[in-house]
2 protein chains.
Amino acid sequence: MRIGELAERAGVSTRTLRYYESLGLLPEQRAANGYRVYGDDDLRLVEQIRVLQDFGFGLEETRPFVECLRSGHPTGDSCPASISVYRDKLAELDALIDRLRSVRDQVGAQLAEAEARLPEAPEPLCQMEGPRE
Amino acid sequence: MRIGELAERAGVSTRTLRYYESLGLLPEQRAANGYRVYGDDDLRLVEQIRVLQDFGFGLEETRPFVECLRSGHPTGDSCPASISVYRDKLAELDALIDRLRSVRDQVGAQLAEAEARLPEAPEPLCQMEGPRE
DNA sequence: CCTTGCCCTGACGTCGGCGTCAAGGTCTAT
DNA sequence: ATAGACCTTGACGCCGACGTCAGGGCAAGG
C-alpha cells in the first residue's frame, strides 16, 4: 500500500503521514522508485495515534503506544510506558477539569452579578402603548 | 506614568503592553518625546484584561470589556456586549468540561483494562525469598 | 508523445501571546 | 562628558500539527 491509500483508509492527509514519519512514529520503508510502502499493521499505528489524539494526547505522548505496537504487542497500551502515560493523562485531565469548573463558577457568578446590575429591557420587542392608527 | 511603571504595577511586561496597544486594547497617548503615557484608568484596563485571561479568555474576547471600561462604565461587564461574551464563554466552558469528562472516563476505562491485562509486578520492591548469605 | 494521477522534497504560512534581540533615542545623576 | 536606566521601533523565534504551494519524478493508458 502506498501513502495515498493509507491516508484514505486512515482518514488523514498524506501530509500528516509524512509528518508522523518525520517524527519517527511511522516506519520509513520505501519501494525501489522511492515511494513509501505500508502494510496493514501501519494502518493500525495510525489508528492508534488518531484515537489518542482525539483524547487530547500530543503526538509525543502517543509515541510509547506506537512503539509498543511496533514491537509486536497486541495493543498499544500493553506496555508499562503506555500505562504510565495513561496515568499522567488522567491526573492532567482531573486537574484541568477542576480548574475549568472553578473558572466556570467564577464566570457564572460574574455574569449573574453583571445581569443584576443591568436589569434593562430583556425584551426589546415589547409593544408600543400609544393609540393605534 | 510611563510604560515601565504600568507594567510593574500590572504585573506584566512592557512587551505585553505594547502588544495590547497594537491590538487597540490600550490607548496610544504619547508625551512630547514619544514616550507612552498612561493613567490609573489604564491600569484598570490591564487588570481587566488579565482577570479575563486567567479565565481563559482570548484577547479579542476581552475587547468588549475593555471598550466598556474606556467608555466610562464603572466595570467592564456593565455593557450588553460583555454580558454576551460571558454567556458564550459559559456555554463554551460547559461544553468543554463535558467533553473532558467524557475523555477522562474513556481514558480511565482504557487504563483499567490495560492494567487488568498486565497484572505484573505491581511492587518490584518485594523481598527475595532465597536463603540469606 | 501526451495527459492523468499518483508520488517526491523543501519550504513557507497558520494561530496566540508574547520573549528576545538589535540598534538606537532620552533623561538624570555624577 | 558619560554612565545608567529608561524609552522607541522593527523584526525574528517559539510551540503543535499540520495546510499549501512550488517544482519536479514515475507509471500507465490512449
Side-chain angles (χ1 to χ4, degrees), chain A residues 1-39 42-43 45-66 85 88-89 92-93 96 103, chain B residues 1-39 42-43 45-66 85 88-89 92-93 96 103:
Chain A
M1 166 171 39
R2 289 174 307 181
I3 196 171
E5 186 181 347
L6 177 58
E8 193 174 0
R9 289 223 267 164
V12 303
S13 69
T14 58
R15 175 72 180 89
T16 296
L17 295 179
R18 292 194 192 97
Y19 181 56
Y20 291 173
E21 179 189 297
S22 78
L23 296 181
L25 292 174
L26 292 182
E28 298 189 9
Q29 182 87 31
R30 300 296 178 108
N33 58 9
Y35 287 12
R36 290 172 177 83
V37 176
Y38 300 102
D42 296 320
L43 173 58
L45 294 183
V46 181
E47 287 169 346
Q48 172 73 82
I49 294 173
R50 286 278 126 176
V51 167
L52 295 176
Q53 270 197 315
D54 288 347
F55 285 169
F57 286 54
L59 286 179
E60 281 309 320
E61 290 174 322
T62 73
R63 190 180 297 278
F65 296 81
V66 172
V85 172
D88 291 352
K89 206 62 183 183
E92 194 183 314
L93 280 167
L96 180 56
V103 167
Chain B
M1 163 171 42
R2 290 175 306 181
I3 197 171
E5 185 180 347
L6 177 59
E8 193 174 0
R9 288 223 266 165
V12 302
S13 69
T14 58
R15 175 71 179 90
T16 295
L17 295 179
R18 292 194 192 97
Y19 180 56
Y20 291 173
E21 179 189 296
S22 78
L23 295 180
L25 292 173
L26 292 183
E28 299 190 10
Q29 182 86 33
R30 302 295 180 109
N33 57 10
Y35 287 12
R36 291 172 177 82
V37 177
Y38 300 102
D42 296 319
L43 173 58
L45 294 183
V46 181
E47 287 169 346
Q48 172 73 83
I49 295 173
R50 286 278 127 179
V51 167
L52 294 177
Q53 270 196 314
D54 288 347
F55 284 169
F57 286 54
L59 286 178
E60 281 310 320
E61 291 174 322
T62 73
R63 191 180 298 275
F65 296 81
V66 172
V85 172
D88 291 351
K89 207 63 183 181
E92 193 182 315
L93 281 167
L96 179 57
V103 167

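Reminder, nothing fancy here: chain letters follow the sequence lines and each chain counts from 1. Keep in mind that this is a model prediction, so the values were computed, not measured.
- Between dC18(C), dC6(C), dC8(C), one nucleotide has an atom nearer to the side chain of Arg2(A) than all others, and that is dC6(C).
- When the side-chain nitrogen and oxygen atoms of Arg36(B) are compared with OP1 and OP2 of dT9(D), one or more of them lie within a distance under 4.0 Å.
- Within the 4.5 Å cutoff, the side chain of Thr16(A) has heavy atoms near those of the Arg50(A) side chain.
- Taking the side chain as every heavy atom from C-beta outward, Asp42(A) and Leu45(A) approach each other to under 4.5 Å.
- Heavy-atom nearest nucleotides on DNA chain C were determined for Ala32(B) and for Leu59(B), and the one closer to the 5' end corresponds to Leu59(B).
- Between the CZ atom of Phe57(B) and the P atom of dG16(C) there is a distance of 16 Å, rounded to whole Å.
- Contact of the Leu59(B) side chain with the Tyr20(B) side chain is registered, since non-hydrogen atoms from C-beta on lie closer than 4.5 Å.
- The only member of Met1(B), Arg18(B), Glu28(B), Gln29(B) that meets side chain to side chain contact (heavy atoms under 4.5 Å, CB included) when paired with Arg36(B) is Arg18(B).
- In this structure, the CD atom of Glu21(A) is 15 Å from the P atom of dC18(D), given to the nearest Å.
- The nearest whole Å value for the distance from the CD1 atom in Ile49(B) to the P atom in dG17(C) is 11 Å.
- Regarding Leu23(B), its CG atom lies at a distance of 10 Å from the C1' atom of dC18(C), rounded to whole Å.
- Of the charged side-chain nitrogens involved, at least one lies within less than 4.0 Å of a carboxylate oxygen, so that Lys89(B) and Glu92(B) count as a salt-bridged pair.
- For the segment residues 3-15 of chain B, residues with any heavy atom less than 4.0 angstrom from an atom of DNA chain D are, sorted by number, Ile3(B), Gly4(B), Arg15(B).
- Within the 4.5 Å cutoff, side-chain heavy atoms of Phe57(A) are placed close to those of Val85(A).
- Computed from coordinates, the Arg18(A) CZ to dG10(C) P distance equals 12 Å when rounded to whole Å.
- Along DNA chain D, the nucleotide nearest Asn33(A) and the nucleotide nearest Gln53(A) are compared for position; the residue whose nucleotide lies closer to the 5' end is Gln53(A).
- One finds no side-chain N or O of Tyr19(B) lying less than 4.0 angstrom from the OP1 or OP2 phosphate oxygen of dG16(C).
- One can place CG of Leu17(B) at 15 Å from P of dG17(C), the figure rounded to the nearest angstrom.
- Taking side-chain N and O atoms only, Arg30(B) has a distance below 4.0 Å to OP1 or OP2 of dT9(D).
- In this structure, Glu60(A) places its CD atom 15 Å from C1' of dC18(D), rounding to the nearest Å.
- Side-chain to base pairing of Tyr35(A) with dG25(D): one donor and one acceptor N or O lie within less than 3.5 Å of each other.
- Distance Leu26(B) CG to dG17(C) C1': 14 Å, rounded to the nearest Å.
- Relative to the side chain of Tyr20(B), the nucleotides dC18(D), dC18(C), dT8(D) differ in distance, and dC18(C) lies closest.
- Heavy atoms from other residues, nucleotides or ligands lying under 6.0 Å from CD of Glu8(A) number 12 at most.
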